[in-house]
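Step one of this worksheet: look at the structure below.
The shown structure was predicted, so the numbers you read here are calculated from the model rather than taken from an experiment. We count residues from 1, following the sequence as given. The analysis underlying the following values was restricted to heavy atoms, covering all of them including side chains, and did not include hydrogens, waters or symmetry mates.
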Amino acid sequence: MNEVIIVAGFILVIILVFVAIDLWSKTKLKRSIRDAWGKLPEYPINDREDSLITAWEITKELQEWDSEIDDATWYDLDMYDIFQQINLTYSSIGSESLYQRLRSFNFQQDDLEELIEFFDDQPELRQKVQYQFAHLGKLDNNLIKNYLLAENNFSNPGSFWLYLVLGLLPLIGLVVAAFAPSVGILIFVFSLCLNTIVSMVKKSTLDRELTSMRYLVQSFYTAKKLKTFPLPNQGEISKELAPLKNITRFGFAFKGSGGTEADVIVETLMMSLMIPFISYHFVQRKLGKHKEAAIRLWQAMGDLEAALAILNYRTALEETCLPEFRAGGLTAEDCYHPLVSEPVTNPVEWNKNTLISGSNASGKSTYVKGIAINCILAQTINTALASQFQMEPGHVMTSMAVEDNVIEGDSYFIAEIKSIKRLLNQVATKERCYCFIDEILRGTNTVERIAASASILHWLKDYPSLAFVATHDIELTEILKYECHNLHFSERITHEEGIAFDYLVKEGPTTTRNALRLLEIMDYPASITKLAQQELADFENDRSWNVLQP
């Protein structure tokens with residue numbers, strides 16, 4: 001009898017410790033959610049881009065969009081960094097949904113505005129929803145949609161009856177202990193050890209499937225909690241959850257993925273009783289019949305978290321607006337680049353192909369990228385980083401951070417003309433496309449670069465697309481002065497202050513050069529700077545270069 005009391009007391013202590021740890025973890029999580037609101041999120045440990053790309057590629061099998069941000073444009077504009085700025089999500093459902101929204105969109109997409117406005121007026125409910133997603137947590141490379149789309153969505157874990165017998169052994173040991181304490185305790189301890197070993201062996205061969213199913217089942221449990229809240233898409237969540245509600249009864253069997261101390265304890269207990277493997281069979285059978293409902297449920301839940309992340313982004317930034325979509329060009333006031341600290345804002349008036357000139361570091365590339373990023377954000381999350389933003393919906397493509405390709409044997413120039421050609425192919429479809437090119441054709445000689453660049457821009461004028469081209473070639477601004485709008489950035493150079501930029505866009509082509517002046521400031525030998533100035537003056541007078549004598 002004493003042994004039974006000792007065992008019961010030991011179990012009671014474990015339960016009390018578990019309850020205390022669980023309460024402490026929940027309190028800490030709620031506090032962190034509250035403190036994070038209204039700030040740009042710090043980079044999370046999870047949400048690796050390879051995982052997000054995999055989920056996005058799978059999602060493309062389920063749905064079609066009007067436009068897609070291709071890899072070159074995505075990396076030219078550092079869009080993953082911008083995604084992380086917006087990504088105040090607490091589950092992989094939300095982060096995958098947000099990533100997909102930034103990379104694939106329908107023109108004039110604003111389907112989240114109802115949710116965003118709702119959460120803006122309901123801060124207490126917002127925190128409760130975020131807590132439910134945070135309790136679910138994140139799981140990189142979960143491949144949930146991949147499993148749901150496959151014919152045989154999960155692997156066979158082994159004999160159901162074997163797991164059932166092994167799971168009952170510890171309970172049988174406790175029952176026997178009431179009558180024969182020594183024998184019962186021996187059965188209890190032996191079965192726990194045996195089950196732990198079997199669980200470890202099976203988990204090593206079934207780890208990905210078991211982990212994915214655990215996360216999927218817990219997401220249904222999260223949906224069950226969410227459907228009790230008065231959300232705008234409550235009906236949609238309830239509808240898709242209905243055929244899956246029986247699965248949530250096995251939610252207790254898949255505890256432990258949250259990573260908290262309490263989760264680790266629960267997972268260990270569940271494994272020792274073989275409960276995840278037993279439940280696996282039931283869940284697998286149910287999912288096979290209702291995969292489409294599960295996919296739609298994930299999409300509805302993803303909308304909730306994406307809306308919350310977008311609302312937080314608007315709250316955290318000083319200046320944002322809802323874009324207006326109408327036919328014509330693109331106009332904006334106080335437009336800026338989101339990755340620049342203390343950015344200088346500038347207006348945009350883009351109704352025809354535009355050349356922007358100016359020296360290095362003067363701000364022209366940042367200005368061009370800022371417009372491109374806002375074209376994407378306006379059409380994907382209905383948010384523009386400006387005080388006013390109007391545009392006609394269209395594709396967005398860039399050719400900026402071009403690199404040579406050693407594997408394919410492409411030189412820099414070959415890689416560059418391939419990059420620009422993909423823009424021309426899109427323009428040729430006669431759908432509106434916003435094209436952004438930085439230092440056009442810089443991989444070749446000056447004469448051919450100017451000739452080819454002028455021809456490309458001349459060709460573009462016959463299509464309903466717009467190009468924004470940054471260049472150092474002042475000749476281009478003269479050749480195309482009747483076809484293109486000209487803008488520039490300028491600087492001030494003095495011996496006392498060095499070089500100073502105001503980063504304000506100005507009308508017309510650049511009228512200054514600063515390369516030779518910078519050589520002087522950097523104390524290059526006087527003979528070099530004087531000869532360079534003389535050679536430049538002679539060229540501008542005669543339009544030919546002098547042959548230097550040895």
Side-chain angles (χ1 to χ4, degrees), residues 47-87 95-109 306 330 337-339 350 353 365 368-381 383 391-405 407-408 410 412-443 456 459-460 463-470:
D47 290 335
R48 288 167 37 196
E49 188 164 20
D50 62 332
S51 173
L52 295 166
I53 290 173
T54 299
W56 173 53
E57 293 287 351
I58 296 169
T59 303
K60 288 197 289 185
E61 298 180 26
L62 303 171
Q63 186 176 348
E64 292 184 358
W65 290 275
D66 294 335
S67 188
E68 178 181 309
I69 305 302
D70 67 5
D71 288 343
T73 302
W74 183 261
Y75 296 116
D76 278 349
L77 300 176
D78 299 309
M79 285 300 298
Y80 181 64
D81 291 333
I82 293 169
F83 161 78
Q84 292 286 35
Q85 268 196 342
I86 306 170
N87 187 28
S95 56
E96 290 174 8
S97 175
L98 179 63
Y99 188 87
Q100 170 261 299
R101 282 183 175 276
L102 289 173
R103 297 215 60 168
S104 307
F105 61 94
N106 291 318
F107 297 141
Q108 294 184 309
Q109 175 173 289
L330 187 156
H337 192 300
L339 297 181
W350 190 16
N353 293 332
S365 294
V368 172
K369 288 182 179 181
I371 298 171
I373 290 167
N374 273 285
C375 284
I376 293 173
L377 296 183
Q379 297 183 94
T380 56
I381 63 172
T383 304
M391 68 177 293
E392 179 177 338
H395 306 280
V396 182
M397 299 187 76
T398 66
S399 178
M400 293 180 172
V402 179
E403 297 179 351
D404 53 0
N405 192 320
I407 297 176
E408 295 185 7
D410 289 345
Y412 178 87
F413 181 66
I414 294 297
E416 186 177 26
I417 60 176
K418 284 183 177 180
S419 178
I420 293 176
K421 182 59 165 59
R422 59 182 240 290
L423 272 69
L424 303 184
N425 290 342
Q426 179 60 58
V427 170
T429 66
K430 296 186 178 181
E431 293 183 346
R432 169 58 65 102
C433 182
Y434 295 94
C435 305
F436 300 85
I437 306 174
D438 193 19
E439 302 300 338
I440 184 170
L441 298 180
R442 58 183 166 186
I456 289 171
W459 179 86
L460 286 170
Y463 292 86
S465 292
L466 288 173
F468 221 117
V469 179

Review point. Just wondering, are more than 12 heavy atoms of other shown residues or ligands nearer than 6.0 Å to CD in Q63?
Key: yes
Exercise for review: Using a 4.5 Å cut-off on heavy atoms from C-beta on, say whether the side chain of I373 contacts that of M79.
Suggested key: yes
Check your understanding: Checking ring pair (Phe, Tyr, Trp, His ring centres under 6.0 Å) for the pair H395/F105: CA distance, chi angles, key distance, verdict?
Key -> CA-CA 10 Å; H395 306 280; F105 61 94; 7.6 Å; no
Check your understanding: Roughly how far apart are I376 CD1 and T73 OG1, rounded to 0.5 Å?
Key -> 6.5 Å
Point to revise | Test item: N353 side-chain N/O and A467 main-chain N/O as donor-acceptor pair under 3.5 Å | key: yes
Check your understanding: Hey, does E96 have a side-chain heavy atom less than 4.5 Å from the side chain of W56?
Key -> no
Practice item. Evaluate the ring pair (Phe, Tyr, Trp, His ring centres under 6.0 Å) criterion for residues Y99 and W74: first the C-alpha distance (whole Å), next the side-chain angles of each, then the deciding distance (0.1 Å), finally the verdict. Key: CA-CA 11 Å; Y99 188 87; W74 183 261; 5.2 Å; yes
Review point. Are side-chain N/O atoms of R101 and S104 paired as donor and acceptor at under 3.5 Å?
Key: no
Check your understanding: Just how far is it from atom CG of L77 to atom CG of L339, taken to the nearest 0.5 Å?
Key -> 9.5 Å
Exercise for review: Assess whether side chain to side chain contact (heavy atoms under 4.5 Å, CB included) is satisfied between V427 and L460, documenting all intermediate values.
Suggested key: CA-CA 8 Å; V427 170; L460 286 170; 3.9 Å; yes
Review point. Hey, what do you get for CG (D76) to CG (D438), rounding to the nearest 0.5 Å?
Key: 8.5 Å
Exercise for review: Using a 4.5 Å cut-off on heavy atoms from C-beta on, say whether the side chain of L423 contacts that of Q426.
Suggested key: no
Practice item. For E431 and Y463, run side chain to side chain contact (heavy atoms under 4.5 Å, CB included): C-alpha distance rounded to whole Å, both residues' side-chain angles, the deciding distance at 0.1 Å, then the answer. Key: CA-CA 8 Å; E431 293 183 346; Y463 292 86; over 6 Å; no
Practice item. With the side chain counted from C-beta on, respond yes when C433 and M397 share a heavy-atom pair under 4.5 Å apart, and no when they do not. Key: yes
Point to revise | I456 CD1 to I440 CD1 distance, which is reported to the nearest 0.5 Å | key: 4.5 Å
Review point. How long is the span from the OG1 atom in T59 to the CG atom in L52, to the nearest 0.5 Å?
Key: 10.5 Å
Practice item. For residues V368 and M400, determine if any side-chain heavy atom of one lies less than 4.5 Å from a side-chain heavy atom of the other. Key: yes
**Study point:** Where A378 and M391 come nearest, the two heavy atoms and their spacing
**Key:** CB-SD, 4.1 Å
Check your understanding: Taking side chain as C-beta onward, heavy atoms only, is W459 less than 4.5 Å from L424?
Key -> yes
Check your understanding: Between Q379 and V396, is any pair of side-chain heavy atoms under 4.5 Å apart?
Key -> yes
Point to revise | Intermediate values then yes/no, side chain to side chain contact (heavy atoms under 4.5 Å, CB included), E68 and K60 | key: CA-CA 10 Å; E68 178 181 309; K60 288 197 289 185; 3.4 Å; yes
Review point. Does the side chain of S95 come under 3.5 Å of the side chain of N87 through a donor N or O and an acceptor N or O?
Key: no
Study note, to complete from the structure: From the list D70, T380, D71, side-chain hydrogen bond (donor to acceptor under 3.5 Å, both in side chains) with R103 holds only for D71
Exercise for review: Over 60° means perpendicular and under 30° means parallel, so classify the ring planes of F83 and Y80, tilted if in between.
Suggested key: parallel
Check your understanding: Could you state the interatomic distance from NZ (K418) to CD1 (I420), rounded to the nearest 0.5 Å?
Key -> 13.5 Å
**Study point:** ring pair (Phe, Tyr, Trp, His ring centres under 6.0 Å) between W350 and F468, intermediate numbers included
**Key:** CA-CA 9 Å; W350 190 16; F468 221 117; 5.0 Å; yes
Review point. Do the non-hydrogen side-chain atoms of F107 and S67 ever get within less than 4.5 Å of each other?
Key: yes
Check your understanding: I86 and T383: side chain to side chain contact (heavy atoms under 4.5 Å, CB included), yes or no, with the steps?
Key -> CA-CA 11 Å; I86 306 170; T383 304; over 6 Å; no
Practice item. Indicate yes or no for a side-chain donor-acceptor contact from R422 to the backbone of S399 under 3.5 Å, with no hydrogens or angles considered. Key: no
Practice item. Report, as yes or no, whether the 6.0 Å neighbourhood of atom NZ on K430 holds more than 12 heavy atoms from other residues, nucleotides or ligands. Key: no
